[in-house]
K.L.:
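Mind having a look at this structure? Questions to follow.
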4 protein chains.
Amino acid sequence: MSNTFGTIFRFTSFGESHGTAIGGVIDGCPSNVSLDYDFIQNEMNKRRPGQSLLTTPRQESDSVEFLSGIFDNKTTGAPLAFIIHNNQAASQDYVALKNCFRPSHADFTYQQKYGIRDYRGGGRSSARETAVRVVVGAVAKLILAQKNIAIYAYTSQIGSIRLTSNSVDLSNIYTNDVHCPDNATAEQMANYIKHINAEGDSIGGIVSCVIKGVPSGIGEPIYNKYESQLAAAMLSINAAKGFDFGSGFEQVSLKGSEMNDAFICHNDKVRTATNFSGGIQGGISNGEDIYFRVVFKATPTISKLQKTVDSNMHAIELQAHGRHDPCVIPRAVPVVEAMAAIVTLDLLLLSQTNKI
Amino acid sequence: MSNTFGTIFRFTSFGESHGTAIGGVIDGCPSNVSLDYDFIQNEMNKRRPGQSLLTTPRQESDSVEFLSGIFDNKTTGAPLAFIIHNNQAASQDYVALKNCFRPSHADFTYQQKYGIRDYRGGGRSSARETAVRVVVGAVAKLILAQKNIAIYAYTSQIGSIRLTSNSVDLSNIYTNDVHCPDNATAEQMANYIKHINAEGDSIGGIVSCVIKGVPSGIGEPIYNKYESQLAAAMLSINAAKGFDFGSGFEQVSLKGSEMNDAFICHNDKVRTATNFSGGIQGGISNGEDIYFRVVFKATPTISKLQKTVDSNMHAIELQAHGRHDPCVIPRAVPVVEAMAAIVTLDLLLLSQTNKI
Amino acid sequence: MSNTFGTIFRFTSFGESHGTAIGGVIDGCPSNVSLDYDFIQNEMNKRRPGQSLLTTPRQESDSVEFLSGIFDNKTTGAPLAFIIHNNQAASQDYVALKNCFRPSHADFTYQQKYGIRDYRGGGRSSARETAVRVVVGAVAKLILAQKNIAIYAYTSQIGSIRLTSNSVDLSNIYTNDVHCPDNATAEQMANYIKHINAEGDSIGGIVSCVIKGVPSGIGEPIYNKYESQLAAAMLSINAAKGFDFGSGFEQVSLKGSEMNDAFICHNDKVRTATNFSGGIQGGISNGEDIYFRVVFKATPTISKLQKTVDSNMHAIELQAHGRHDPCVIPRAVPVVEAMAAIVTLDLLLLSQTNKI
Amino acid sequence: MSNTFGTIFRFTSFGESHGTAIGGVIDGCPSNVSLDYDFIQNEMNKRRPGQSLLTTPRQESDSVEFLSGIFDNKTTGAPLAFIIHNNQAASQDYVALKNCFRPSHADFTYQQKYGIRDYRGGGRSSARETAVRVVVGAVAKLILAQKNIAIYAYTSQIGSIRLTSNSVDLSNIYTNDVHCPDNATAEQMANYIKHINAEGDSIGGIVSCVIKGVPSGIGEPIYNKYESQLAAAMLSINAAKGFDFGSGFEQVSLKGSEMNDAFICHNDKVRTATNFSGGIQGGISNGEDIYFRVVFKATPTISKLQKTVDSNMHAIELQAHGRHDPCVIPRAVPVVEAMAAIVTLDLLLLSQTNKI
């Protein structure tokens, strides 16, 4: 397994869905950073389940306990360890799944790889692990804020309901349960998710993200380009199926003359007239907004009857009773934001080594 | 900079477009592998420029010279170093670009990051670097072939011309200059590229790839999931703007009940009835075909007149005279294949450490 | 900071001497290993303080709580996190040290590096951190035992009292408080330590270690040679000042003809007639016993009055009242053993990637 | 294999003793560093064989050719690749060794690990590889010099002939062939080496090293302490058998009260009155001189008749005819210096990430 992410600012995560606790250790955190615990807890609350009809009813307070690396509320440079206790594990719901390989879940592949698996709530493969990322991301955000770097992820598509680009007001994101910056679109999306849920089904969507304030010069070509690290980070999130930035997949039929970003001089700074590049050229930030999208599939756990096989390779029928999200997108929003923050801080620190 | 890729089977690359040579060092290569130099050179030829009207006229023999790590034509376990001489650097074409920031190129960002840049032919940021990846990928393929793993990338879209899924005959890929498995579509694509080229413009597209024969159990969750490593690898390629696998961006509006891959028992093996998962579940291969797409933007170098600024922040007009590809897709095909091979071999070797 | 050790079998540690808890996360642990908790706790007890007059009176139960990575008492391949609560932190003893730089301690360097420090009990620089290594080492030993690899460290010198090579009976190590395999020498050493303690002073010594049963072929030249990894591991332990293996420093005046290890054939195996090589040739194990030594300095904390400066650069006098070991050697023995186990298991797993 | 060393400033080396060329790639080198090729070549000359009767007669010009990463004689931030051609490989001398396991050489262990070996001149396990380290070290020294950091290694012991601490005049080191800073001692050592050579035998010794000018705050506890990285670096050098720093093995019987380094205030700086710590406390530099020792064994290749076995496990007699050094110490001096420079620069760059 490989449960560490990052080069300088890096974290190691641990824990299963129904174990004692999940948690992580942040290493390489700059010293003398004031930790705002309310901010961190507030970030956690954005991802916390059980908050609306759109998500799993599992109730977790998700309160974060820091164990080390802090003195007088400041980071000391030593590793920051933290744990989040699992309060409402309902493992009895999962005993029936002990010998069952749920379709499009990781049950089969974990069994094949390790020869053993913790089947309770998906064990290590559960999206519960993403809570750890949000804690680490919150610490990263506190540091990035000192550099005036801010990150905004939001829901831009649910099923085939899309946010139009002229209705993106970033201040609106957390004013609705879908985490979509346009309240009218959000309502449509919410209704669609409720409808899907009532059907015993699930649906996917797209999270968009913009990183504002990154100075030029961040990113380490050739193999740790900014976009390469973002892609790795995003595709490590449960249910993520794709990533694109700047012009991406949607503008593939544009010609060079249509999508080249002309450099201009604006307020004594080199800027670009357009931003099809998504703020990154040659793997390095150019000072413009960095923006990208992540697509997530429909949650594989559904209430509808499904066919599958058990560990003895017998055909069985499966009807899930565990708690689950009909749509992961609203809760994926803060996770995307967290991973973007972690990548950005790590590359920012790395860039401090480019010159002596 | 970060010019090493991989954990166990890893390589370090070096070299600029117009320097003496480019090359690389492969470390962690298993010992006792027979090297088929004809195969390696043939892989190089697939990417070599100057082969058709669709690509840059720069002529490079791209012959690979191995310097170490081989004895009696077999790998010894020691690092395999190789160099490829730059024969036809035409640096005089680039003197005019010394103080110019070409739109959507890496000139500006390299200058900002390093305070110095080799402007000749794009220097380190040139796609010439991808030749090194093809050599490493060829070595990886030779090893994967022993395990019956084969990788096929191909052009699936140029501008808005798309290959339809029922015309994918993998044996056709290298029968045309576009590297598209359907000759009729290929011809359309080729004509379109010629048309774009005649306009002094450029166009992007999509490379699709399938990895066949990967056993179940490959991939290292949580942060080195198979898809995460593939995404990082693909987004490190010049001009890549996005990656998706399995259902990806295109099937975002499917419901869970429509896209869950039911497990079935087939010939005493657990298989899936469909493959929306793209052969990966929970970051680990499930034994089915792994397939993914990479989108590339239009080459930023075009002959049309463009506006930009110079290093003194003066507005200038630019008309490129250097040699360049009107469309990178045909030559990106073997690079995608190479990176997929490198990721797969690295994860295969890593999986040998999962059990004692 | 850099708080992760190892490549495949690797761990991240956290925690300060007087914080809530110390602990660690083991990643890359092979799956399906049965965990013998009694064995692990017994290893902890070997290092635990407060057991004899030879060590600090600080009483810590040092009971280990595992939080993740285990199912049905077996490792699942997921990260193994564990914590050890700090029960008997007596921070009031350290308030006087808040602004004091203790001689030969890390107070000054941590302050210079991080601009902040947790002065309570030495904070992160305390030897309390080594408890984490013993837990990880115990897990490694359980796995190595399956391969018939066993590791024995022991006290071979205290001050100028040396164990002679003809009195090494490995079964005796834990029959005395000094952890010396010869009881008569152990008694001399114990008396000397008590004498030093009564003087308010401290003393150093040497820990020797032998690794038995390592097959040939373990170690990754050129830069992760077996001895190189052992040296890095040992020099990371608090108070360690040197490492040598095989002929080492003591046999520097031997000629090649006197110290070359002739290969012989013994029971159909290639063996060596002597073992000045210490079981390693060219960075790779040769199948013979691996043996090495680690020298530790006298504990810097002493009760005698010392001169130093405070954080305002004023000359002050210091007399330590905190609890401390007059000699770290007895408690360093299990730590050396643990680090040797961790290095050996990591290299053993890495060697599984040498061939396909 | 693992042929990369370092975290930020890191290099990958390649090449066998009798292959086409050896070389390396430096990655993470700060940009805009002026490269003084005369200085680099001069460093190479210090290690070059064939310069005196004390070393192997193999003649190699050891001229370094840089292939990339340089523009207008300055580093660009891109990888610096270089090669050194092997001009005087005399492989015919080694055919007799094809099936022979030379005592205390790496022939047997490489064969066991990889199942194949390049027996010509020791292949990858040859000390010829250390030439690459000297090139990288020279680049590191050029950068460290900008920070007023200087490194001096020297021969302090050959066999039982020791340099006394009151005859260390660092300016003398390269005034004699032994690279000992006291010419009288150097002459004794030289005569002893010639005597040993005449006997067909070999001898080991100790290299001492001092690093001057390192500011306080360098080193990354817990597991990349300065001394830990130095130890790993030194033990990766061929024939190295041990490392110690500061008080080390020799002062093991000193008490805490005798060896604690009292802090004092000197010229408005915190300094230490003594330096038993060797300039490192808690893994971090304290601003004083860093000093350490490395012990090397006698060269295993000797002309005297030796018993060993061949690859068919038959007992044979061996008399070496290849060219070899009767004593590696003089040529190890620049290698120790190089590795110390590489470690120091890497940690210096890493320390630039401790604060935001």
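What you see is a predicted model, and the numbers here were worked out from it, not measured in a lab. Naming: A, B, ... by sequence-line order, numbering from 1 per chain.
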K.L.:
Report which part of C:Thr274 has an atom under 4.5 Å of a heavy atom belonging to chain D: side chain, backbone, both, or neither.
P.N.:
neither

K.L.:
What part of D:Asn354 is in contact with chain C, defined as an atom under 4.5 angstrom from a non-hydrogen atom: side chain, backbone, both or neither?
P.N.:
side chain

K.L.:
Between C:His105 and chain D, with a heavy-atom cut-off of 4.5 Å, which part of the residue counts as in contact: side chain, backbone, both or neither?
P.N.:
backbone

K.L.:
So D:Phe243 and D:Phe292, ring pair (Phe, Tyr, Trp, His ring centres under 6.0 Å) or not? Walk me through it.
P.N.:
CA-CA 7 Å; D:Phe243 163 93; D:Phe292 62 87; 5.5 Å; yes

K.L.:
Please report the interatomic distance CD1(C:Ile22) to OG1(C:Thr130), rounded to the nearest 0.5 Å.
P.N.:
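Interatomic distance, C:Ile22 CD1 to C:Thr130 OG1, rounded to 0.5 Å: 7.5 Å.
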
K.L.:
Rounded to the nearest 0.5 Å, what's the gap from CG on C:Asp346 to CZ on C:Arg10? Could you check?
P.N.:
8.5 Å

K.L.:
Side chains of C:Ser125 and C:Arg117: is there a donor and an acceptor less than 3.5 Å apart?
P.N.:
no

K.L.:
Let me know if C:Ala315 has heavy atoms under 4.5 Å from chain D in its side chain, its backbone, both or neither.
P.N.:
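For C:Ala315, no heavy atom lies under 4.5 Å from chain D.
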
K.L.:
Examine whether an atom of C:Ser247 lies under 4.5 Å from a heavy atom of chain D, and if so say whether it belongs to the side chain, the backbone or both; otherwise answer neither.
P.N.:
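Contact with chain D involves both backbone and side-chain atoms of C:Ser247.
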
K.L.:
Give, as side chain, backbone, both or neither, the part of D:Tyr192 having an atom under 4.5 angstrom from any heavy atom of chain C.
P.N.:
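Looking at D:Tyr192, just its side chain touches chain C.
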
K.L.:
Identify which part of C:Leu230 has an atom lying under 4.5 Å from any heavy atom of chain D, answering side chain, backbone, both or neither.
P.N.:
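C:Leu230 has no heavy atom closer than 4.5 Å to chain D.
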
K.L.:
Heavy-atom distances under 4.5 Å only: say whether C:Arg271 touches chain D with side chain, backbone, both or neither.
P.N.:
neither

K.L.:
Between C:Asn260 and D:Arg102, do the side chains contain a donor N or O and an acceptor N or O under 3.5 Å apart?
P.N.:
no

K.L.:
Does some side-chain heavy atom of D:Ile203 sit less than 4.5 Å from a side-chain heavy atom of D:Ile158?
P.N.:
yes

K.L.:
Check each atom of C:Asn224 against the heavy atoms of chain D and say whether the ones under 4.5 Å are side chain, backbone, both or neither.
P.N.:
both

